[in-house]
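Written below as C-alpha cells is the structure these notes are about.
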Amino acid sequence: MVYKLDQRITPLSRIFLVLIFFILYAPIFFLVFYSFNSGGTMYNFKSFTLDWYRELFQDSRLLIIVLNTLVIALVSSLFATIIGTLGALGIHSIRKRQTKNTLLSLNNVLIVSPDVIIGASFLILFTMAGIKLGMYSVLLSHIAFSIPIVVLMVLPKLSEMSPTLIDAARDLGASQWNVLTKVVLPFITPGIFAGFFMALTYSLDDFAVTFFVTGNGFTTLSVEIYSLARRGISLNVNALSALLFLFTLVLVVVYYFISQRNRPGRWGVKK
C-alpha cells in the first residue's frame, strides 16, 4: 500500500512563515528605509533624499574598502571552489567507508567550529609562520574556511551521479581526463556553482575571522562597518547596507538562473 503525504499548508503554517519572514526582513527594510531620510537619524523620517548615497560614493576610502572586500571574496571563492571540488572528488573516490566518514567529519568540524576559535587559530598560525597580517592573511583564511563549504555543496551531486555513466564513457574509449571533463564535471556543475556562491556570501559577510587576521592598512567591509558603528551610526552606512542587500539579491537571481540552466533534466553526456 502506498501512502501519499498531505502537502497542503495549513493556515497556521502560513501565519508562522509570514512571521518568520517578517522577523528576518524587517530590520533590513528598516535600514533601507532610513537610508533615504534627510533628517540624519534612524527615527523621525523627515523627507526623501539621496544625499547619503552621494556621500557614500564620494567617500574614496570606503569605496576602496568595498573594492578590497569584493576582490577578497571573488578570489578566495574561486580558489576555494577549485580546491573544494578536487577535495570532493577525492573523498568521493575513496571506497573505504571508515576513511571517507573520517574525512567528512574533519571537513564538517571546520564548518561548525566557532568563528572566534578559527580566527584565533589563524592569527597564531600566521604569527608563528611570520606572515604579515594584511591582505594575504585575510585571503588565505577566507580560502581555508570556504573550502569545506564547497565540499559539502559538490559531494551530493557526486552521490547523485550514476556509476553507469562513467562505465559507459570508459567503454566508449574515453580517457580518464575525458571522463572527468566531459562526464563528471558537467554533471556536478550545479553543485560547483552552488559552492562558489556560498563561499562568496560567506566571505562577503565574515567578520569574526577577518577581525583576527586583518592588519594595519587593510580592512574589509564588515570590520569597517563595525568600527563605524562603535563611533555612531551614520546613514551612509544605511546606504551601503542597502546597496549590499541589492547586490545579494542580484547574486541570488543569477544563481537561480544558472541552476535552472544546469538542472539535471537538461544535462547530457558530451561526445
Side-chain angles (χ1 to χ4, degrees), residues 68-94 97 99-115 117-119 121-122 125-126 135-161 165-166 176-177 179-210 212-213 220-222 244 247-264 267:
N68 290 340
T69 305
L70 292 176
V71 170
I72 290 291
L74 290 171
V75 175
S76 64
S77 301
L78 178 62
F79 279 96
T81 301
I82 295 172
I83 299 173
T85 301
L86 294 176
L89 290 170
I91 293 174
H92 182 73
S93 64
I94 296 175
R97 182 176 296 274
T99 304
K100 180 182 290 188
N101 290 337
T102 301
L103 292 175
L104 285 175
S105 299
L106 292 174
N107 182 80
N108 296 339
V109 164
L110 295 175
I111 295 178
V112 300
S113 296
D115 288 344
I117 302 300
I118 297 176
S121 301
F122 279 128
L125 175 64
F126 294 143
M135 179 178 181
Y136 293 109
S137 62
V138 174
L139 178 61
L140 291 173
S141 57
H142 279 223
I143 293 173
F145 71 65
S146 297
I147 290 174
I149 302 168
V150 178
V151 172
L152 286 185
M153 293 293 104
V154 175
L155 272 177
K157 295 303 297 181
L158 287 171
S159 301
E160 293 176 8
M161 185 173 59
L165 290 175
I166 298 177
Q176 193 71 22
W177 176 252
V179 170
L180 176 63
T181 57
K182 296 185 178 181
V183 178
V184 178
L185 289 181
F187 189 91
I188 65 174
T189 294
I192 295 175
F193 277 112
F196 175 81
F197 282 107
M198 285 293 293
L200 184 65
T201 54
Y202 267 73
S203 177
L204 284 173
D205 65 12
D206 179 74
F207 168 76
V209 176
T210 307
F212 278 93
V213 299
T220 61
L221 198 54
S222 58
L244 287 177
F247 177 70
T248 304
L249 288 180
V250 172
L251 285 181
V252 171
V253 172
V254 170
Y255 170 67
Y256 172 78
F257 282 108
I258 291 176
S259 62
Q260 288 297 307
R261 289 186 60 186
N262 293 281
R263 66 181 185 266
W267 181 86

Heavy-atom nearest pair, Ser222 first then Asp206, reads OG-O, 2.5 Å
Q: Determine, stepwise, if the pair Met135 / Val71 fulfils side chain to side chain contact (heavy atoms under 4.5 Å, CB included).
A: CA-CA 10 Å; Met135 179 178 181; Val71 170; 4.2 Å; yes
One should read off an interatomic distance between Phe196 CZ and Thr189 OG1, to the nearest 0.5 angstrom, of 14.0 Å
Note: Ser137 and Phe126 closest approach over all heavy atoms is O-CE1, 3.4 Å
Minimal heavy-atom distance between Val150 and Ala80, with the atoms involved, is CG2-O, 3.7 Å
Q) Do Leu185 and Ile192 come within less than 4.5 Å of each other through their side chains, counting heavy atoms only? A) yes
task = Kindly determine whether Ile91 and Leu158 satisfy side chain to side chain contact (heavy atoms under 4.5 Å, CB included), including the steps that lead there.
result = CA-CA 10 Å; Ile91 293 174; Leu158 287 171; over 6 Å; no
Evaluate the side chain to side chain contact (heavy atoms under 4.5 Å, CB included) criterion for residues Val253 and Val250: first the C-alpha distance (whole Å), next the side-chain angles of each, then the deciding distance (0.1 Å), finally the verdict. CA-CA 5 Å; Val253 172; Val250 172; 5.8 Å; no
Q. If we only count heavy atoms from C-beta on, is the Thr85 to Ile188 side-chain gap below 4.5 Å?
A. yes
Do the side chain of Ser203 and the main chain of Ala199 share a donor and acceptor less than 3.5 angstrom apart? no
For Phe212 and Gly119, the nearest pair of non-hydrogen atoms, with its separation, is CB-O, 3.4 Å
*asked:* Within the 3.5 Å criterion, strictly below it, is a donor on His142 or Ser77 matched to an acceptor on the partner's side chain?
replied: no
Interatomic distance, CG@Leu221 vs CG@Leu244, rounded to 0.5 Å, equals 5.5 Å
- Okay, side chain of Ser76, backbone of Ala73: is any donor-acceptor separation there less than 3.5 Å? yes
Rounded to the nearest 0.5 Å, the CZ atom of Arg97 sits from the OG1 atom of Thr102 at a distance of 12.0 Å
Value for CE (Met198) from CG (Leu200), rounded to nearest 0.5 Å, stands at 11.0 Å
Heavy-atom check, side chain of Val179 versus side chain of Leu165, under 4.5 Å: no
Review point. With a 4.5 Å heavy-atom cut-off, do Ile83 and Val151 have their side chains touching?
Key: no
*asked:* Please evaluate residues Thr220 and Asn68 with respect to the criterion side chain to side chain contact (heavy atoms under 4.5 Å, CB included), reporting the C-alpha separation (whole Å), side-chain torsions for both, the decisive distance (0.1 Å), and the verdict.
replied: CA-CA 6 Å; Thr220 61; Asn68 290 340; 5.7 Å; no
TODO: Check whether any side-chain heavy atom of Phe187 sits under 4.5 Å from a side-chain heavy atom of Val184, and report yes or no.
DONE: no
Side-chain heavy atoms of Leu110 within contact of Phe145, under 4.5 Å: no
For Ile149 and Ile111, the nearest pair of non-hydrogen atoms, with its separation, is N-CD1, 4.2 Å
Rounded to the nearest 0.5 Å, the OG1 atom of Thr248 sits from the CG atom of Asp205 at a distance of 8.0 Å
One should read off an interatomic distance between Leu204 CG and Leu70 CG, to the nearest 0.5 angstrom, of 6.5 Å
- Under a 4.5 Å cut-off applied to non-hydrogen side-chain atoms, are Met161 and Ile166 in contact? yes
(request) Please examine the side chains of Asn108 and Pro148, heavy atoms only from C-beta on, and report whether any two atoms are closer than 4.5 Å. (result) no
Closest non-hydrogen contact found for Thr81 with Gly195 is OG1-C, 4.4 Å
